[in-house]
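One structure is given below, encoded as structure tokens.
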Amino acid sequence: MIKFGKGVVKFRIPILILSLVLLVPSIIGYVNTRINYDILSYLPKDIETMKGQEILLEEFGTGAFSVAVVEGMDDKGVAALKKEIEEINHVKSVLWYDSLLDLSIPMELLPSGIEEKFENKDKNAALMIIMMDTSMSADETLDAVEEIRGLTDQQCLLSGMSAVVTDIKKICNSEAIMYVVIAAGLSAIVLSLTMDSFLIPLFFLLSIGMAIIYNLGTNFVAGEISFITQALAAVLQLAVTMDYSIFLWHSYQENQGRFPGDKKRAMAHAISNTIASVVGSSITTVAGFLAMCFMTFTLGLDLGIVMAKGVVFGVIGCVTILPSMILTFDRAIEKTRHRAIIPDLGRIGYFVTKKYVIFIVLFLLILGPALYGYTHNQVYYDLVGTLPDHLESVMANDELEEDFSMGATHVIIADSGLDAKKSRAMLKELKAVKGVKTVLGLDSVLGPAIPKEFIPDSYKEILDNGKYQMMFIISEYKTASDEVNAQCDSIKEIIKQYDSSAMLIGEAPCTQDLITITDTDFKTVSAVSIVLIFIIIAVVLKSVSLPVILVSVIEFAIFINMGIPSYTGTVLPFIASIVIGTIQLGATVDYAILMTNKYKKARYQGADKQEAISSALNSSLQSVFVSALSFFAATFGVGLYSSIDMISSLCVLLARGAIISLLVVAFILPAMFMVFDKLICSTSAGFRNKENKVKAKSAIS
């Protein structure tokens with residue numbers, strides 16, 4: 001490793017030049033990476049709802065649909081607006097009253113119950129169903145939504161997943177840059193106060209910033225990333241890789257004491273020491289992110305791969321770009337030296353080891369309530385309900401609920417050759433399902449007052465292509481509610497009785513699948529991350545007992561962090577319960593490994609139990625404190641700023657998790673070492689030095 005360190009020192013200027021040149025293709029790659037704003041598109045492709053979406057697109061040429069509420073227009077105005085909407089690129093068709101009958105024919109001729117689904121006379125509001133020929137979250141669909149909104153001044157409100165995705169895109173585009181600015185700014189403040197130079201945090205941020213750009217640029221290979229990954233990638237990479245830079249700086253300072261006057265040699269050894277320490281600890285972080293790749297909900301794969309790459313780029317940047325910057329700008333750094341504004345934590349080790357019984361008791365007392373809270377959290381799956389009220393998609397959903405008593409809209413795809421008698425019987429049963437407002441299909445509009453010939457061919461083609469027929473079910477219930485999930489189950493049971501190949505699709509059925517799938521994913525990811533990190537710790541520390549202790553301690557911190565919302569009544573986004581545990585475990589177990597290595601070294605050198613644990617805590621706590629505080633600063637500010645609750649909640653949980661892990665490592669882990677020292681020494685390599693043991697015996701005799 002020392003040869004690599006000397007190489008970096010020797011070629012520091014070419015390294016800096018190359019690092020700057022590589023930014024160009026990385027920025028180009030980043031700009032040309034598509035962002036996917038549709039959470040539901042990450043569901044497995046082999047489930048029925050996703051297969052149904054494909055059939056809808058391939059057979060009917062309809063990939064997305066939105067329900068529009070038009071206010072303050074007479075019938076002629078609505079008809080004119082409908083024609084304008086139909087002329088917009090990728091709008092396939094629009095269903096309204098005049099899709100069924102000419103405006104000259106009174107609406108009262110429609111079958112009972114259908115009229116009120118198209119108009120609310122009291123509120124002077126009309127309802128249209130707009131169908132697109134592109135998928136729900138395609139760029140063309142989102143552009144079409146924006147064009148439709150531009151036709152009227154708040155008179156035409158669009159609901160549906162495409163409208164929601166459009167609004168999420170607008171928020172992310174307006175806030176994404178501020179996420180990075182806030183994270184970097186708050187981290188810089190923390191580092192300026194806790195480090196001994198005002199300038200060194202700038203170089204930390206510059207080197208990590210370059211690694212972030214390389215990471216985001218290489219996402220071009222995948223074609224697209226999710227908006228959650230885009231929003232969190234930079235913030236998380238900054239948070240989890242900052243301690244590598246801190247370690248390099250501290251190692252560089254230590255080696256300057258070993259090699260006074262020879263900064264190049266000191267840096268070469270610092271790089272060597274950093275590689276040996278950081279690579280081992282970064283593997284656990286990478287393992288935590290890679291555990292998310294085992295999710296069948298492929299958002300985990302998306303976030304996991306991007307963040308695992310980010311950690312690798314962070315390590316490479318830490319041992320190449322950062323040392324080159326420090327040596328190149330050494331004079332400027334020296335001029336900004338100052339005394340670190342941080343409390344002296346060097347005496348806490350003696351207190352913790354002396355009072356370790358108190359902390360063991362606290363551990364046992366807190367464990368039960370923490371575990372209960374952890375297993376009794378409430379989570380939400382409905383994105384719309386957590387978006388700001390001023391968004392057009394949220395306003396449209398509110399209008400649908402107030403004016404038409406409408407919630408979710410489902411789509412049934414059934415065999416076109418279904419017997420007419422069976423079809424009418426199925427429709428009758430569907431209308432009787434609790435919470436179903438109406439069923440809109442060919443058979444549902446053919447009442448006794450309307451001959452079949454009155455139905456326009458264009459309307460027939462929309463709902464029946466000769467192979468499949470399509471029906472819209474309008475529900476009173478909101479997406480992701482228990483009521484709508486029960487309703488979906490009832491509808492599936494009915495349609496399967498009449499047509500075994502029939503499918504129920506739409507936002508609510510997809511969200512129901514999301515609930516089932518992510519519940520399984522949560523258990524899988526938790527188990528995989530624990531097993532992977534357990535194995536890594538066992539190999540790195542050459543111990544049987546230490547992996548159990550270290551993982552248990554960090555899991556205890558996770559229980560506390562994820563248990564708090566249960567007691568505060570906070571409802572978490574569904575993704576939080578899956579990713580927070582594995583990220584917190586992978587990112588903060590490094591704190592425990594750092595202290596364990598120092599404890600191991602002290603024991604090997606002949607120190608007794610209390611002395612070894614006390615010195616390990618004293619010497620590592622400063623670094624852990626700075627790292628955790630930086631992690632907290634990078635994520636907490638974004639959590640407060642973001643108006644997307646899913647991103648805000650994740651960042652707040654990560655920020656709190658860093659502080660809780662710090663406290664647990666500082667107080668609970670040393671207490672565990674005090675209790676299990678004998679077991680650790682007998683089941684771990686490198687804790688006992690035979691030569692020191694013989695000397696100790698000789699001294700006693």
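FYI, side chains are in, hydrogens and waters are out, and symmetry mates aren't considered; it's all heavy atoms of this structure.
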Do the side chain of [X] and the main chain of [Y] share a donor and acceptor less than 3.5 angstrom apart?
X: Ser251; Y: Phe247; value: no
X: Asn215; Y: Ala211; value: no
X: Ser627; Y: Val624; value: no
X: Tyr214; Y: Ser19; value: yes
X: Ser615; Y: Ala612; value: yes
X: Ser642; Y: Gly639; value: no
X: Ser282; Y: Val279; value: yes
X: Tyr42; Y: Ser226; value: yes
X: Asp38; Y: Val165; value: no
X: Arg12; Y: Val9; value: yes

Going from [atom1] on [X] to [atom2] on [Y], what distance comes out if it is rounded to the nearest 0.5 angstrom?
X: Ile225; Y: Ile35; atom1: CD1; atom2: CD1; result: 4.0 Å
X: Arg258; Y: Asn255; atom1: CZ; atom2: CG; result: 5.0 Å
X: Leu186; Y: Leu238; atom1: CG; atom2: CG; result: 10.0 Å
X: Thr336; Y: Ile200; atom1: OG1; atom2: CD1; result: 8.0 Å
X: Ile536; Y: Leu541; atom1: CD1; atom2: CG; result: 11.5 Å

* Between Trp249 and Tyr252, how do the two ring planes meet: parallel, tilted or perpendicular, split at 30° and 60°? ->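 Taking Tyr252 first and then Trp249, their aromatic rings sit tilted (interplane angle of 30° to 60°).
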
Over 12 non-hydrogen atoms of neighbours within 6.0 angstrom of [atom1] in [X]:
X: Arg331; atom1: CZ; value: no
X: Phe203; atom1: CZ; value: yes
X: Lys601; atom1: NZ; value: no
X: Tyr641; atom1: OH; value: yes
X: Lys6; atom1: NZ; value: no
X: Tyr30; atom1: OH; value: no

* Asked: Do the charged groups of Glu334 and Arg337 touch, with an N to O distance under 4.0 Å?
  ->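 Here Glu334 pairs with Arg337 in a salt bridge, since their nearest N and O are under 4.0 Å apart.
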
* To do: Search all heavy atoms of Gly300 against all heavy atoms of Met295 and return the closest pair with its distance.
  =>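 Smallest interatomic distance, heavy atoms only, reads CA-SD, 3.4 Å.
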
* To do: Locate the shortest heavy-atom distance separating Ala685 from Lys600; write the atom from each residue and the value.
  =>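 The pair with the smallest heavy-atom distance is O-CE, 3.1 Å.
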
Please examine the side chains of [Y] and [X], heavy atoms only from C-beta on, and report whether any two atoms are closer than 4.5 Å.
X: Ile554; Y: Val665; result: yes
X: Thr582; Y: Phe289; result: no
X: Ile275; Y: Phe4; result: yes
X: Tyr179; Y: Ile647; result: yes
X: Gln230; Y: Leu216; result: no
X: Lys354; Y: Gln610; result: yes
X: Val553; Y: Phe673; result: no
X: Ile580; Y: Ile558; result: no

* Ring centres under 6.0 angstrom apart (Phe667, Phe363) ->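 Ring centres of Phe363 and Phe667 not closer than 6.0 Å.
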
Examine the side chains of [X] and [Y] and answer whether a donor and an acceptor come within less than 3.5 Å of each other.
X: Thr33; Y: Asn219; result: no
X: Gln253; Y: Asp196; result: yes
X: Asp243; Y: Ser630; result: no
X: Ser684; Y: Ser543; result: yes

* List the steps, then state whether side chain to side chain contact (heavy atoms under 4.5 Å, CB included) holds for Val664 with Leu669. => CA-CA 6 Å; Val664 166; Leu669 184 59; 5.8 Å; no

* **Worked check of side chain to side chain contact (heavy atoms under 4.5 Å, CB included) between Ile305 and Met292** => CA-CA 8 Å; Ile305 288 177; Met292 290 190 286; over 6 Å; no

